[in-house]
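Encoded as structure tokens, the structure appears first; notes follow it.
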Amino acid sequence: MMQAKNAVAVVGAGNSRFGDRIDANLSDLFSEAFVEALDSVDKGLDPREIGEFFIGSLSSSGEQIGLSASLLAEYVGKRGAPAMRVEAACASGGYALRAGIMSIIAGANDVVVVGGVEKMRDVSGPQARLWLGVSSDTRWERWHGLTFPGIFALQATRHMYEYGTTREQLAYIAVKNHSNGAENPKAHFRRKITVETVLNSPFVAYPLTLFDCCPTSDGAAVAILCRADIAKNFTDTPIYVSGFGAATDCVAAFDRESLTRFDSAVIASRQAYKMAGLEPKDIDLVELHDCFTISELVLTEDLGFCEKGEGGRFIEEGNTQIGGKVAVNPSGGLKAKGHPIGATGVGQVYEIFHQLRGDVEKRSRQVPGAEVGMAHIQGGFGVAATVHIFTRG
Amino acid sequence: MAYISVPEIQRTLPQRYRLVGLKCKKCGYLHFPARKVCKNCGAVEEFEEVKLSGRGKVYSYTVIEQGATVYEHTEEAAVGGAFSVALVELEEGVRVMGQITECDPYSVRVGMEVEAVLRRMYEQDIVRYSFKFRPIRFQGRAERP
Ligand SMILES: [Zn+2]
């Protein structure tokens with residue numbers, strides 16, 4: 001069997017602008033990211049070489065649940081190519097990436113397109129509230145009126161109780177991610193905020209306010225993957241998939257041993273570190289799943305960047321800023337770059353691709369000397385997670 | 001799709017009304033809600049029914065604001081305002097999600113002692129009832145923020 005470490009390379013990536021995309025439908029968004037990804041392949045890529053499409057998407061609010069991957073492959077001129085939708089709620093993009101990598105390692109494909117897309121802003125308020133939270137336990141949690149932010153709020157309350165974490169520390173995460181997003185031309189929110197903005201905005205689910213939560217966004221992202229041994233045919237600076245892992249956990253929060261730890265992140269990251277032969281201290285930047293500020297805090301601990309319970313202080317001291325020990329969400333994260341569900345995990349690859357090549361479009365956002373990047377994404381309350389570690393060739 | 005069907009409610013009435021859990025005959029592990037396979041030892045359908053006491057302590061909580069409820073709770077929140085949802089650790093050791101009622105939602109605290117009561121939940125095709133929790137009062141110590 002082929003060795004998994006560094007067997008697959010990323011040779012191109014595209015990312016539509018995230019946000020309110022009144023100008024574009026599902027197909028247009030995907031096409032925007034696809035065209036950018038093709039154009040980004042330094043030595044060019046004949047679309048005929050693409051073997052298969054793996055596209056992460058939750059539902060696009062019900063518009064095209066069935067066969068959306070076929071629709072999109074055909075839309076970008078690849079009628080006939082195998083294409084499938086991959087669904088793992090917010091981790092759909094991460095699992096699409098995993099599926100694409102697996103297909104190359106299995107020897108089934110030489111070149112694949114991994115994509116993600118979501119159209120979320122066209123729906124009415126009530127419809128959006130119907131769709132949000134369909135990935136939590138509906139029968140025994142949503143039943144009680146528990147919203148998706150509510151589940152993470154339970155985590156925040158408990159983390160505050162166990163470790164003395166404060167609302168200010170959570171707010172600081174939103175401030176940092178907005179600050180990064182302000183420098184990202186693809187981001188949904190490009191406005192800096194202050195700790196007061198977060199603390200004084202209305203509660204959505206105590207202790208989380210509106211500014212502790214990521215938005216719903218329209219958007220798409222595409223990564224072009226190939227066998228590592230042919231990567232130099234496409235670019236002199238490919239990015240390699242050096243380690244990956246995935247794990248699932250109970251869907252219901254009440255079934256968890258701990259509310260303040262994401263076992264899926266612990267397990268998936270351990271697998272990825274082991275395959276790559278790397279440790280948390282080797283990671284220069286990480287794009288992780290900050291659907292809510294508390295999620296970023298807990299994941300900063302669970303991915304191994306600091307001890308359990310120390311997240312609040314570690315972040316407050318500036319260790320996760322660009323230029324700090326590990327740059328966390330230099331793109332702005334879900335919080336500011338935006339969260340078009342299926343697209344998010346692939347959008348992380350777009351960010352890491354450019355960070356590791358040192359060609360981020362704005363120098364203010366470039367992580368200095370970045371050589372190792374990590375992508376972590378999770379569906380639901382840390383239910384389905386993937387972790388990928390990328391290194392510069 | 002976030003729609004809990006009437007037959008599903010019918011199947012689970014003893015759980016939703018009376019907090020009936022299942023105890024594994026093989027290993028003694030207590031489950032709520034019910035399931036077919038023991039999540040501790042893997043025994044299949046070897047359970048006995050156990051009515052949970054409904055008494056426990058708040059393990060964690062949140063307050064869902066009036067304008068930020070899930071869709072099907074919109075009307076209830078419009079009338080009743082913000083409400084607290086808590087993860088409650090029952091005396092038997094099982095953790096159960098439930099609303100906290102009969103108190104200011106912002107007065108709920110981790111460790112607060114609560115007991116289960118049967119209350120109206122929301123309406124969707126039919127009126128849906130469920131257990132909720134309320135603070136156990138008159139213990140000689142007030143719960144104040
Ligand atoms: Zn058992």
Side-chain angles (χ1 to χ4, degrees), chain A residues 58-59 61-62 65 123-162 201-210 212-213 250 252-260 292 294 381, chain B residues 1-5 8-9 11-12 15-16 31-35 39 58-74 76-77 80 82-90 94-101 105-106 108-111 119 121-122 124 128-133:
Chain A
L58 172 59
S59 66
S61 304
I65 299 180
V123 301
S124 65
Q127 216 193 335
R129 286 195 292 133
L130 182 75
W131 274 99
L132 293 176
V134 295
S135 308
S136 60
D137 179 285
T138 53
R139 287 175 301 179
W140 298 99
E141 292 190 337
R142 183 169 170 142
W143 164 261
H144 295 287
L146 186 62
T147 58
F148 204 58
I151 299 171
F152 283 82
L154 290 168
Q155 179 175 54
T157 300
R158 190 69 198 180
H159 205 282
M160 289 170 172
Y161 177 79
E162 289 179 10
S201 71
F203 283 119
V204 170
Y206 173 87
L208 303 180
T209 70
L210 188 61
D212 283 297
C213 310
C250 329
F254 59 78
D255 269 334
R256 301 287 174 85
E257 210 174 279
S258 166
L259 267 189
T260 55
F292 301 95
I294 182 63
F381 182 59
Chain B
M1 189 180 311
Y3 174 76
I4 299 158
S5 69
E8 170 59 16
I9 291 171
R11 274 192 289 270
T12 51
Q15 300 170 62
R16 294 186 194 279
H31 302 81
F32 184 90
R35 51 171 72 209
K39 71 175 179 181
V58 171
Y59 183 81
S60 193
Y61 68 94
T62 179
V63 180
I64 307 298
E65 278 298 332
Q66 202 169 18
T69 60
V70 294
Y71 178 68
E72 53 280 15
H73 284 254
T74 310
E76 293 302 308
F83 57 91
S84 176
V85 180
L87 185 55
V88 173
E89 190 162 277
L90 299 179
V94 182
R95 285 188 206 142
V96 179
M97 206 67 81
Q99 284 188 20
I100 307 290
T101 187
Y106 280 97
V108 177
R109 291 291 176 272
V110 174
R119 289 288 181 271
M121 187 69 92
Y122 64 97
Q124 195 178 20
R128 291 150 184 246
Y129 297 97
S130 168
F131 62 84
K132 292 185 182 180
F133 294 96

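Lettering of chains follows the sequences in order, A, B, ..., and the numbering in each one begins at 1.
For the pair A:F254 and B:L87, the tightest heavy-atom approach, listed with the atom from each and the gap, is CB-CD1, 3.5 Å. Looking at every heavy atom in both residues, A:A205 comes nearest to B:I64 through CB-CD1, 4.1 Å. Shown here for A:L154 and B:V85, the closest heavy-atom pair between the two residues is CD2-O, 3.8 Å.
Sequence neighbours left out, the pairs with a member in residues 146-161 of chain A that pass salt bridge (charged side-chain N to carboxylate O under 4.0 Å, His left out) are A:R158-A:E162.
You'll find the side chain of B:T62 reaches within 4.5 Å of the side chain of A:L146, heavy atoms only. With a 4.5 Å cut-off on side-chain heavy atoms, A:R142 and B:M97 do not count as touching.
Separating the CD atom in B:Q99 from the CH2 atom in A:W143 is a distance of 10.5 Å, to the nearest 0.5 Å. Going from atom CE of A:M160 over to atom OG of B:S60 covers 10.0 Å, rounded to the nearest 0.5 Å.
When heavy atoms are compared at a cutoff of 4.5 Å, B:R119 does not approach chain A at all. Using a 4.5 Å cut-off between heavy atoms, B:K39 touches chain A through its side chain atoms alone. Only the side chain of B:E8 comes within contact range of chain A, judged by heavy atoms closer than 4.5 Å.
At least one donor-acceptor pair closer than 3.5 Å links the side chain of A:T157 to the backbone N or O of B:Y61. With B:R95 contributing its side chain and A:E257 its backbone, the two residues share a donor-acceptor pair below 3.5 Å.
Using bins of under 30°, 30° to 60° and over 60° for the plane-to-plane angle, the ring pair A:F203/B:Y106 lands in the tilted bin. Between B:F131 and A:H144, the two ring planes are tilted [angle within 30° to 60°].
When the salt bridge (Lys or Arg N to Asp or Glu O under 4.0 Å) test is applied to B:E65, no partner is found at least two apart in sequence or on another chain.
Annotation: B:R128, atom CZ; neighbour count of heavy atoms from other residues, nucleotides and ligands within 6.0 Å is above 12.
Ranking B:E76, B:M121, B:H31 against chain A, the residue ahead of the rest is B:M121, based on heavy-atom pairs under 4.5 Å. Comparing B:F83, B:Y59, B:F32 by how many heavy-atom pairs each has under 4.5 Å with chain A, the most go to B:Y59.
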